[in-house]
There are 2 protein chains.
Amino acid sequence: MDHQHDTRVDHPALLRSSGLRATTQRLRVLDFLGATPHATARDVLVGVRAAGASMSTQAVYDVLHALVGAGLARTIEPPGSSARYEVRVGDNHHHLICRGCGDVTDVDCARGTSPCLTPATDHGFVVDEAEIVYWGTCAACARPTIPNEELS
Amino acid sequence: MDHQHDTRVDHPALLRSSGLRATTQRLRVLDFLGATPHATARDVLVGVRAAGASMSTQAVYDVLHALVGAGLARTIEPPGSSARYEVRVGDNHHHLICRGCGDVTDVDCARGTSPCLTPATDHGFVVDEAEIVYWGTCAACARPTIPNEELS
DNA sequence: TGGTTGTCTGGAATCGTTCCAGTCACCACG
DNA sequence: CGTGGTGACTGGAACGATTCCAGACAACCA
């Protein structure tokens, strides 16, 4: 967990070059997302507040929407989970999602650029992306349960 | 749109063999889903009511959950859309989703059974399914707009 | 036929997300 | 550097999809 992350990115310049204002709130959110991939809006809210910012829920959503709209972030909406956000954009990567705990992990695309796959039949669609979600059980959930642990 | 659909399936027997009671409400929902793939809960509600049933929203959800739980239906949760339900289960098919109108279309898997793909790196996950969503523009949305139509 | 219990009813609640009018603060320009 | 324009945040409220809950109903089996 103690790895170098995007604190070296010039976030103010990044925002401005995307046509956005470099507000304090946006910088806080970008810092947080850089350190915490696949965070929910609530994760972001709690995280930026823990870092000393005073932001409302709405402001968090506003910031996230602005970032996504400018292509600096994107959303992942796993079934049964509130929306998650990541700043890894501009590449064609996919996700592993754990059926147990909901953990989301990036995985590089082994095939190439979008669309990395084409459907058997396109039904008249012009396909521009093939989004792949690998469902399974993560290492933590695959571990045997501790015998003393009660099943709910 | 005038095609034969699952009206010939013995829905009562299907339900009972899955350990569920063959209630009128469930039969209505199965009939509707057979005719209308990828329907939202609201679609189902409106649809079964149009067919003469008097059902509450909660009953619709209860029925859908029971069907999904018994493996007779499954959910699709496209981003930005409420949950959708389909009765095509037991095969490994994928979906085309239109970025414009949200239309969801089934597409057969060209690769085989689950998991039809494996990730470049599994990060410790035991992968059991690779879900593919082909994003693009459907034929209807790809048509040129009518010149008199105002852009909003 | 009657009893059991899964399922539906109908009102209410939850939660993630968005709306909205007013205030604030970034930043371009003089 | 100061200032005005306007994008962005505030704070209260609303919305919609979904779930909760206690009681009534109805499928089904003996």
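The structure displayed is predicted, hence computed values, not measured ones. Here is the naming used below: chain letters follow the sequence lines, and residue numbers restart at 1 for every chain.
Residue-level contact check: A:A66 touches neither bases nor backbone, having no heavy atom under 4.0 Å from any strand. No engagement by A:S81 is indicated, since no non-hydrogen atom pair under 4.0 Å with the nucleic acid exists. Counting any heavy atom pair closer than 4.0 Å across all strands shown, B:R26 reaches sugar-phosphate atoms only and no base atom.
D:dA26 atom P lies 18 Å from atom CG of B:L15, rounded to whole Å. To the nearest angstrom, P of D:dT18 lies 15 Å from CE of B:M55. In this entry the distance linking CZ of B:R28 with C1' of D:dA27 reads 16 Å, nearest Å. Between the C1' atom of C:dT7 and the CZ atom of B:R16 lies a distance of 15 Å, rounded to the nearest Å. Computed from coordinates, the B:R49 CZ to C:dG10 P distance equals 10 Å when rounded to whole Å. At whole-Å resolution of the value, CZ in A:R42 and P in C:dT14 are 15 Å apart. One interatomic measurement links the two molecules: CG of B:L45 to P of C:dG10, which rounds to 13 Å at whole-angstrom precision. The separation between B:R84 atom CZ and D:dA17 atom C1' is 13 Å, rounded to whole Å.
Among the nucleotides D:dT10, D:dA27, C:dC27, the one closest to the side chain of B:T23 is D:dA27. Checking D:dT18, D:dT10, D:dT6 against every side-chain atom of A:R21, the shortest atom distance belongs to D:dT6. Distance from the side chain of A:Q58 is smallest to D:dG12 among C:dT9, D:dG12, D:dT18. The side chain of A:Q25 lies closest to D:dT10 when the candidates are C:dT17, C:dA12, D:dT10.
For the pair B:E77 and B:D62, nearest-nucleotide mapping onto DNA chain D gives the more 5' position to B:E77. Checking A:S54 against B:A22, the closest nucleotide of DNA chain D that is more toward the 5' end is the one next to A:S54.
When each of B:D106, B:D103, B:D43 is paired with B:H38, the side-chain hydrogen bond (donor to acceptor under 3.5 Å, both in side chains) condition holds for B:D106 and for no other. The one candidate from B:V87, B:V60, B:V48 that meets the side chain to side chain contact (heavy atoms under 4.5 Å, CB included) condition with B:F32 is B:V48.
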Just do the side chain to side chain contact (heavy atoms under 4.5 Å, CB included) check on A:L20 and A:R26 with the steps written out, would you? CA-CA 9 Å; A:L20 297 182; A:R26 285 176 175 161; 3.7 Å; yes
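Side-chain nitrogen and oxygen atoms of B:Y61 include none within less than 4.0 Å of the OP1 or OP2 phosphate oxygen of D:dT19. Put simply, A:H65 has no side-chain N or O that comes within less than 4.0 Å of OP1 or OP2 on C:dT17.
No more than 12 heavy atoms of other residues, nucleotides or ligands shown are found within 6.0 angstrom of CZ on A:R42.
Looking at A:H95 and B:E131, their side chains never bring a donor and an acceptor atom within 3.5 Å of each other.
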